Amino acid sequence: MLKGRNIICISSTEWRGDYIKATVELMKEMAVHNKLLFINSPYTIKDVADGLLNKKDTELRRSFGLKSRIEVLKLENGGTVYLLTPPPAFTINFLPEGALYQAMLRFNCWQVLMVTKRALKKLGMERDLINIVAFNQGMGVMTGRKYGEKTLIYHCYDEINGAHPWLQKHGVALENRFLKMADGVIVTSRGLYEAKRKLTKACYIVKNAVKLDLFIKGFQPEVTAKKVVGYIGTIDERLDYDLLTHLLQEMPEVDFVFVGRVTTDFHEEDVLKKFPNAVFTGAKRPEELPEYLKTFSAGIIPFAKSDFTKGIYPMKINEYLATGLPVVSTNFSYLDDFEGVISIADDKYTFLKNLQTELQNDTPELKQMRLEVAQQNTWEVRAEELSDVIEKIEAGKA
């Protein structure tokens, strides 16, 4: 395990939030043995306006420098995180490529660079520094190598090309530049590895995991008579709505519960809501999920197969398994790790058959086996893997 190092993590998201984030979970574990400065993604002008109108919980005083930008977080695992809130940034993704976009990008990144440098000096973290840029391609290009870091790493947990319309406009080109700059790239799936490995010096896989202490609270050792099929996660363009319609039609006696926020632009979920056995709960905090999982008889991953989903290693696989649930998934990505543990279907007819079989044949022994698989895929385990990868990247530079 990497120990005694100074680590900055410049993220495309915030430390806090209403969903589990791979980078945050990894950094929590890295903070046990290393000194960690986590830089939140800057608030946008819209975030500031929403904060002023009390529509969003924001740290406006920290963002404007009216309060110390650095917040010290003491974690339950014994680690300490120094959380930095940078100044607000201009929203620029809507701009066309050109001089204005580049100037605004430089300004936004310069603000983060300045406050981060001051924080590193104040915390005594300027030496032997590891810089991990988490899916923030523009920030990586503009600020990478400017902290005097020993090692520059890109943590890539999603595919830009073919998804994220708001991001790929500039993100694809910026990512291609940053892939060449970084000393190493850490991806979360084999699909991402295949897409990125030829574009960078060194590429490694550190997969997503499960917050075992949280999701084990939803473990149910016994098989219940009532059949409820559940999905936890965002309801968006990744889902195969033809498949879901087929399941709802063919299994009217089974309730299908969707726990998560709805973000589809074309309201495909409206088709599902027409079925009396489809239940939508809306977004729930991670702490609330185990109680929902307790009521499920099986968990599903009904992703459509695409270039985007090929790069996904969904956290929900291990979250379902930690509660003992049988899991049925489409073959959207590389799921070799779970062969013999979950059911994988090539089409909607096989998916239906597999789901019916899993519901009929579940046992307490199978539930225990699934939990044991999840116990091998915790964030503590992944942090060990991340440490090993960083050491390999640094050894490769020597």
Side-chain angles (χ1 to χ4, degrees), residues 19-20 158-159 162-165 189 191 208 218 224 226-284 288-289 292-321 323 325-335 338 341-362 370:
Y19 61 97
I20 297 170
D158 226 338
E159 180 58 77
H164 297 299
S189 71
N208 289 330
T224 58
K226 185 180 179 182
K227 303 304 179 186
V228 177
V229 173
Y231 169 83
I232 59 172
T234 305
I235 294 92
D236 58 14
E237 70 280 354
R238 295 174 301 172
L239 301 188
D240 185 335
Y241 290 92
D242 180 55
L243 164 64
L244 290 170
T245 300
H246 182 68
L247 297 177
L248 288 161
Q249 285 175 334
E250 297 299 320
M251 302 178 72
E253 76 286 358
V254 175
D255 287 335
F256 286 78
V257 180
F258 298 86
V259 183
R261 57 179 179 161
V262 177
T263 64
T264 54
D265 293 330
F266 302 104
H267 303 287
E268 294 97 331
E269 78 284 354
D270 288 344
V271 176
L272 307 182
K273 290 177 179 178
K274 295 177 182 177
F275 292 91
N277 55 332
V279 179
F280 290 79
T281 70
K284 301 297 176 184
E288 298 177 273
L289 295 179
Y292 282 93
L293 289 162
K294 279 183 182 180
T295 69
F296 294 174
S297 308
I300 58 172
I301 306 176
F303 287 168
K305 197 168 184 177
S306 68
D307 289 341
F308 177 44
T309 57
K310 186 179 180 181
I312 295 175
Y313 179 104
M315 292 186 205
K316 58 180 63 62
I317 288 184
N318 286 301
E319 292 168 354
Y320 289 151
L321 294 175
T323 63
L325 289 172
V327 180
V328 183
S329 174
T330 58
N331 66 339
F332 65 92
S333 186
Y334 299 99
L335 300 174
F338 299 98
V341 180
I342 71 173
S343 292
I344 303 171
D346 292 328
D347 56 60
K348 63 184 180 181
Y349 306 104
T350 308
F351 197 107
L352 172 63
K353 181 180 177 181
N354 289 355
L355 181 56
Q356 291 170 331
T357 300
E358 292 288 358
L359 290 173
Q360 292 167 7
N361 297 334
D362 199 13
R370 297 177 193 121

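This structure is a prediction, so every number in the text was calculated from the model and none was measured.
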I'd like to check [X] versus [Y] (side-chain heavy atoms, cut-off strictly below 4.5 Å). Are they in contact?
X	Y	result
I312	S333	no
S343	T357	no
F256	L247	yes
V328	Y320	no
K294	T323	no

If you round to the nearest 0.5 Å, how far is [atom2] of [Y] from [atom1] of [X]?
X	Y	atom1	atom2	answer
L359	M251	CG	CE	5.0 Å
L293	T295	CG	OG1	7.5 Å
T350	I344	OG1	CD1	12.0 Å
M315	I232	CE	CD1	10.5 Å
L289	I20	CG	CD1	6.5 Å
I301	F338	CD1	CZ	8.0 Å

Would you list the pairs meeting salt bridge (charged side-chain N to carboxylate O under 4.0 Å, His left out) in which at least one residue belongs to residues 241-263, sequence neighbours left out?
-> D242-K348
Provide the full list of salt bridge (charged side-chain N to carboxylate O under 4.0 Å, His left out) pairs with a residue in residues 350-362, sequence neighbours left out, each pair given once.
-> E358-R370, D362-K367, D362-R370
Applying ring-ring contact (aromatic ring centres under 6.0 Å, His included) to F258 and not counting sequence neighbours gives F280
Under the ring-ring contact (aromatic ring centres under 6.0 Å, His included) rule, collect the residues that match up with F303, sequence neighbours excluded.
-> F332
Report yes or no: does Y334 contribute a side-chain atom to a donor-acceptor pair with the main-chain N or O of Y313 at less than 3.5 Å?
-> no
Using atom types as modelled and distance alone, determine if a side-chain donor or acceptor of S297 lies under 3.5 Å from a backbone N or O of V228.
-> yes
Sequence neighbours excluded, the answer for salt bridge (Lys or Arg N to Asp or Glu O under 4.0 Å) partners of K273 is none
Could you list the residues that satisfy salt bridge (Lys or Arg N to Asp or Glu O under 4.0 Å) with D347, not counting sequence neighbours?
-> none
Taking all non-hydrogen atoms of both residues into account, name the closest pair between [X] and [Y] and its distance.
X	Y	answer
L321	I342	CD2-CG2, 4.2 Å
S189	G311	OG-O, 2.6 Å
N331	D346	ND2-OD1, 2.7 Å
T330	F351	N-CE1, 3.6 Å
K316	I300	CD-O, 4.4 Å
G260	T281	N-OG1, 4.1 Å

Pairs in or reaching into residues 228-254: which pass ring-ring contact (aromatic ring centres under 6.0 Å, His included), with residues at least two apart or in two chains?
-> H246-Y349
What residues, two or more places apart in sequence or in another chain, satisfy side chain to side chain donor-acceptor pair (under 3.5 Å) together with T309?
-> S306
Partners meeting side chain to side chain donor-acceptor pair (under 3.5 Å) with N361 (sequence neighbours left out) | none
Tell me, with the steps shown, if I317 and S329 meet side chain to side chain contact (heavy atoms under 4.5 Å, CB included).
-> CA-CA 9 Å; I317 288 184; S329 174; 5.7 Å; no
Name the one of L325, V257, V254 that satisfies side-chain contact (heavy atoms from CB on, under 4.5 Å) with V229?
-> V254
F275: side chain to side chain contact (heavy atoms under 4.5 Å, CB included) partners, not counting sequence neighbours = T245, L248, Q249, N277, A278
